[in-house]
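Worksheet for the structure shown next.
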Amino acid sequence: MATGILFGYIALLYFGSVIAPGVGLSGHLLTELPVWLLDWAHAPGYGVLAILLTLGLQRRGWPLGYALALAGSAAFTFGLFTEFLQGSVPGRHSSSGDLLVNAVGIGIAAMIMVVRESQSPLQSDHSTSPAPASESSNHD
């Protein structure tokens, strides 16, 4: 089920990147949105992708550091791929600024995952738990 959600989300990002402005319903909606909103929509879009990938890797036993590195790299590479494809869509263009916003979203997602992991009750420090009561060494 989780894999289906991930691939569905990837498909959504892909199809969003190849919508031709002014063509069809989605293309007309695209022309109605402010440019700044379309540009900054990359950050949460690729941040969510990085989180989904990280969670999937952690579910398979990957430590957070390795999962974040691979998930962030994969999300950024997918963004690079979609930017390349946008260059072939009429009315769209590739943009290094979009890649930068993708990276910002991925970085924010990584910070969220690190904070989440550090606050997880499963990761609590056992040295702060009270020591078990010991028997008295006094013998009467």
Side-chain angles (χ1 to χ4, degrees):
M1 169 104 172
T3 304
I5 291 171
L6 175 64
F7 284 123
Y9 188 74
I10 288 172
L12 180 69
L13 287 176
Y14 169 75
F15 288 119
S17 70
V18 296
I19 294 172
V23 177
L25 177 61
S26 57
H28 286 294
L29 291 174
L30 189 66
T31 61
E32 297 298 317
L33 295 172
V35 174
W36 65 266
L37 180 62
L38 293 172
D39 290 342
W40 282 101
H42 286 246
Y46 284 87
V48 168
L49 178 59
I51 287 173
L52 290 173
L53 290 168
T54 301
L55 291 173
L57 291 170
Q58 284 187 300
R59 220 175 273 120
R60 287 165 179 74
W62 286 56
L64 179 63
Y66 292 118
L68 280 176
L70 181 60
S73 298
F76 187 79
T77 301
F78 181 71
L80 186 63
F81 171 73
T82 58
E83 282 301 315
F84 175 75
L85 287 178
Q86 274 184 353
S88 65
V89 175
R92 300 291 295 265
H93 63 279
S94 298
S95 166
S96 59
D98 285 350
L99 288 175
L100 178 62
V101 176
N102 293 355
V104 167
I106 293 165
I108 291 171
M111 287 188 286
I112 289 169
M113 295 301 292
V114 168
V115 168
R116 176 183 168 266
E117 180 92 1
S118 69
Q119 294 179 347
S120 173
L122 297 176
Q123 300 294 326
S124 64
D125 184 12
H126 296 292
S127 65
T128 60
S129 61
S134 63
E135 294 182 5
S136 173
S137 61
N138 294 338
H139 293 91
D140 291 319

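This chain uses plain numbering: 1 for the first residue, then up along the sequence.
- If you chain together hydrophobic residues whose side chains sit under 4.5 Å apart, Y46 and Y9 fall into the same group.
- In plain terms, the two heavy atoms of A50 and A71 that are nearest each other are O-CB, 3.7 Å.
- Of all the heavy atoms in G79 and T82, the pair that sits closest is O-OG1, 2.9 Å.
- Between the CG atom of L99 and the NE2 atom of H42 there is a distance of 9.0 Å, given to the nearest 0.5 Å.
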May I have the step-by-step check of side-chain contact (heavy atoms from CB on, under 4.5 Å) for L55 and R116, ending in yes or no? CA-CA 11 Å; L55 291 173; R116 176 183 168 266; 3.7 Å; yes

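- Under the 4.5 Å side-chain heavy-atom criterion for grouping Ile, Leu, Val, Met, Phe, Trp and Tyr, F7 is connected to V48 within one hydrophobic cluster.
- Note on ring orientation: taking the six-membered ring where Trp is involved, the planes of Y14 and F81 are parallel (angle under 30°, cut-offs 30° and 60°).
- For the atom pair I108 CD1 and M113 CE, the distance stands at 14.5 Å (nearest 0.5 Å).
- Of all non-hydrogen atoms in R92 and G16, the two that sit nearest each other are NH1-O, 3.4 Å.
- When all heavy atoms of I106 and G72 are compared, the closest pair comes out as CG2-CA, 3.7 Å.
- Grouping the Ile, Leu, Val, Met, Phe, Trp and Tyr side chains by contacts below 4.5 angstrom, directly or via other members, places V23 apart from V89.
- With rounding to the nearest 0.5 angstrom, the OG1 atom of T77 is 11.0 Å from the CG atom of N102.
- In the hydrophobic cluster analysis, where Ile, Leu, Val, Met, Phe, Trp and Tyr join through side-chain heavy atoms closer than 4.5 angstrom, I112 is grouped apart from L53.
- Remark: L12 CG to S17 OG distance equals 10.0 Å, nearest 0.5 Å.
- A distance of 8.0 Å separates NE2 of H28 from CG of L25, quoted to the nearest 0.5 Å.
- Neither I10 nor L70 shares a network with the other; the hydrophobic side chains, linked directly or stepwise wherever heavy atoms of I, L, V, M, F, W or Y lie under 4.5 Å apart, form separate groups for each.
- What you find for A109 and G47 is that their closest heavy atoms are CB-O, 3.3 Å.
- Among all heavy-atom pairs drawn from A110 and L68, the shortest one is CA-CD2, 3.8 Å.
- In terms of modelled atom types and a separation under 3.5 Å, the side chain of H93 and the main chain of G87 share no donor-acceptor contact.
- The main-chain N or O of Q58 is never found under 3.5 Å from a side-chain atom of Y66 such that the two would form a donor-acceptor pair.
- Taking CG from L64 and CD from E117, the interatomic distance works out to 4.5 Å, rounded to the nearest 0.5 Å.
- Between the side chain of R60 and the backbone N or O of G56 there is at least one donor-acceptor pair closer than 3.5 Å.
- With E83 contributing its side chain and S95 its backbone, the two residues share a donor-acceptor pair below 3.5 Å.
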